[in-house]
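Per chain, numbering begins at 1; letters A, B, ... match sequence-line order. Predicted, not measured: the structure shown is a model, and the values here were computed from it.
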Protein chains: 2
Amino acid sequence: MQSYTEENYLKTIYHLAERTTNVQTNAIAEQMQTKPASVTDMIKKLADKGLVDYIKYQGVTLTETGKNTAIDIVRKHRLWEVFLVDKLNFKWDEVHDVAEELEHIRSVELIERLDEFLGFPKADPHGDPIPDKNGRFAKTQFIKLIELKVGDSGTITGVSQHSSAFLKHLEKLGLTLGKQIQVSDVTDFDGSVEIRLSDKQVNISREVAKHILISSNGKN
Amino acid sequence: MQSYTEENYLKTIYHLAERTTNVQTNAIAEQMQTKPASVTDMIKKLADKGLVDYIKYQGVTLTETGKNTAIDIVRKHRLWEVFLVDKLNFKWDEVHDVAEELEHIRSVELIERLDEFLGFPKADPHGDPIPDKNGRFAKTQFIKLIELKVGDSGTITGVSQHSSAFLKHLEKLGLTLGKQIQVSDVTDFDGSVEIRLSDKQVNISREVAKHILISSNGKN
DNA sequence: TTAAATTTTTAGGTAAATCTAAAAATTTTT
DNA sequence: AAAAATTTTTAGATTTACCTAAAAATTTAA
Ligand SMILES: [Mn+2]
Ligand SMILES: [Mn+2]
Ligand SMILES: [Mn+2]
Ligand SMILES: [Mn+2]
């Protein structure tokens, strides 16, 4: 049984490992809003518990057990987010912090029943896949909107930035999950992207386009 | 902002104060499954924070702030219990431990929306009243079943014992909330009570009868 | 291939919530 | 009103999760 803190470290390491091969102390510290020295302390503890493999100065990797634990927390986080949005009418930009607390509630029964109550959802409100109770989930194949060429089209299926400001911005532009889009132009001046939606046309900065994930309908 | 531990202490003191006027260190220790020395430490801290009034060797009482905080936790505990039973199909004997964790989730918005989602319930699965968002709730007037005389009837509206064993026992006997009962006999030998239900007759020990709460339909 | 910059670890400490053992205060019993 | 029993507090430690400052290792740049 892990403390909330240990669980948060495992989750952070898991997410960092999705992007980089070897996860560095400083990266963990930044993510956890703590100091590198504290991270080193915790890594040693997690290593003692067999949750991470650790060689001094070489970063960490999750062990099988550690990875399973992390995935379980991710599962809980995402299921609670679905609950908050689908059942309690929260907006997609309001759920993260509460889910951050709820994910630590320890009851296998609770999560299985919640999953069922929600209809075994496959993705959370941000398009992220929800692992099933055995920790399995499809590795979704997204393309960043920024990578599309003029004329390409697809469906918004996720975001790679969960800040409230970003999500609110997308909402205002009508760029929400499930929306069908087509890139109609890329501005020479600043690289901003012109998007055609079913009913309107919007312009988004490169920065925004980087964090919108598209499931492509192939080239057009 | 209080820690989970502080919240649990406040809630325990609140519940003990419902029964006794001055709440003793040892009583808190027993309830919290900890040592009296630890309780003294925590009481001092709560007193420093203005959540309890404390005079050495004289026990504690909650301040207005302390009491409001405690009631808020009780509200959350009971709302989550309703959620677990009504929405996730938990039995009334399965919800306590999970609610014990959920009650500490800190989000005013979450609880208000949960309350609404549940239809603003007035009582939890054990018949205990749920404070509204201003901390107000009707002080329910119960009679213990043990206090009824032969011939008296009423409705089961609560229990004063939340252990799984006790609740399972009641369930097996068909003595659940809302059931109409009449005392048909009190056994001379062991004081056990004979109860008439709509469809059957059951016998319960004095110990069980002490913990069933009845809203009386008056004498009969 | 040194020197400089960066990353990571170690050393030593703090605060919260516990504990045990022993002392002090209060209450109950003779 | 003593003595005995009970309750409560104090003293001194421990564990967890942090911290700062400084040392050590690694990586990058000159
Ligand atoms: Mn968290
Ligand atoms: Mn999410
Ligand atoms: Mn609790
Ligand atoms: Mn209850």
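In terms of the side chain to side chain contact (heavy atoms under 4.5 Å, CB included) criterion, residue partners of A/Lys49 (sequence neighbours excluded) are, by chain and number, A/Glu6, A/Lys45, A/Leu51.
Between A/His162 and A/Asp128, the side chains place a donor N or O and an acceptor N or O closer than 3.5 Å (distance only, hydrogens not considered). Side-chain contact, A/Trp80 with A/Glu103: no donor N or O sits under 3.5 Å from an acceptor N or O.
Distances shown here put a side-chain N or O of A/Thr25 below 4.0 Å from the OP1 or OP2 atom of C/dT9. Of the side-chain N and O atoms in A/Tyr54, none sit less than 4.0 angstrom from OP1 or OP2 of C/dT8. Using a 4.0 Å cut-off, no side-chain N or O of B/Lys35 falls inside it from OP1 or OP2 of D/dT8.
B/Gln2 places its CD atom 14 Å from the P atom of C/dA16, with the value rounded to the nearest Å. Summarising the geometry, the separation between CE on B/Met32 and P on C/dT18 is reported as 6 Å, rounded to the nearest angstrom. Atom CE of B/Met42 and atom P of C/dA15 are 16 Å apart (whole Å). Protein atom CD of A/Glu6 is 10 Å distant from nucleotide atom P of D/dC18, rounded to whole Å. Taking atom CD of residue A/Glu30 and atom P of nucleotide C/dT8, one finds them 12 Å apart after rounding to whole Å. At whole-Å resolution of the value, CG in A/Leu46 and P in D/dC18 are 11 Å apart. If you measure from atom CD1 of B/Ile43 to atom C1' of C/dT18, you get 15 Å, rounded to the nearest angstrom. Between the P atom of D/dC19 and the CD atom of A/Gln33 lies a distance of 11 Å, rounded to the nearest Å.
Relative ring orientation between B/Tyr4 and B/His104 is described as parallel, the plane-to-plane angle staying below 30° on a 0-90° scale split at 30° and 60°.
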Contact state string [nucleotides 21-27 of chain C, B base, S sugar-phosphate only, - no protein heavy atom under 4.0 Å]: ---BSS-

DNA chain C in dot-bracket, Watson-Crick or G-U pairs under 3.5 Å, [ ] crossing, | other strand? ||||||||||||||||||||||||||||||

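B/His96 and B/His126 have their aromatic ring centers separated by at least 6.0 angstrom. In this structure, the ring of B/Phe83 has its center less than 6.0 angstrom from the ring center of A/Phe83.
Across every non-hydrogen atom of A/Ala29 and A/Pro36, the tightest pair is CB-N, 3.7 Å.
Looking at heavy-atom distances under 4.0 Å, A/Thr40 makes contact with a base. Within the nucleic acid shown, B/Tyr4 has no heavy atom closer than 4.0 Å to any nucleic acid atom. Base engagement by A/Ser38 is indicated by at least one non-hydrogen atom pair under 4.0 Å involving a base atom. At the heavy-atom level, B/Tyr9 lies under 4.0 Å from the strands shown only through sugar-phosphate atoms.
Each of C/dC19, C/dT9, D/dC19 was ranked by its minimum atom distance to the side chain of B/Thr34; first place goes to C/dC19. In this structure, of D/dC19, C/dC19, D/dT8, it is C/dC19 that holds the atom nearest to the side chain of B/Asp41.
The backbone N or O of A/Ile130 lies less than 3.5 Å from no partner atom in the side chain of A/Arg78, so there is not a single donor-acceptor pair.
Salt-bridge check for B/Glu207 with B/Lys210: passed, with a basic side-chain N closer than 4.0 Å to an acidic carboxylate O.
A cation-pi arrangement is absent between A/Lys133 and A/Phe120, since the terminal nitrogen or guanidinium carbon is not both under 6.0 Å from the aromatic centre and inside a 45° cone about the axis.
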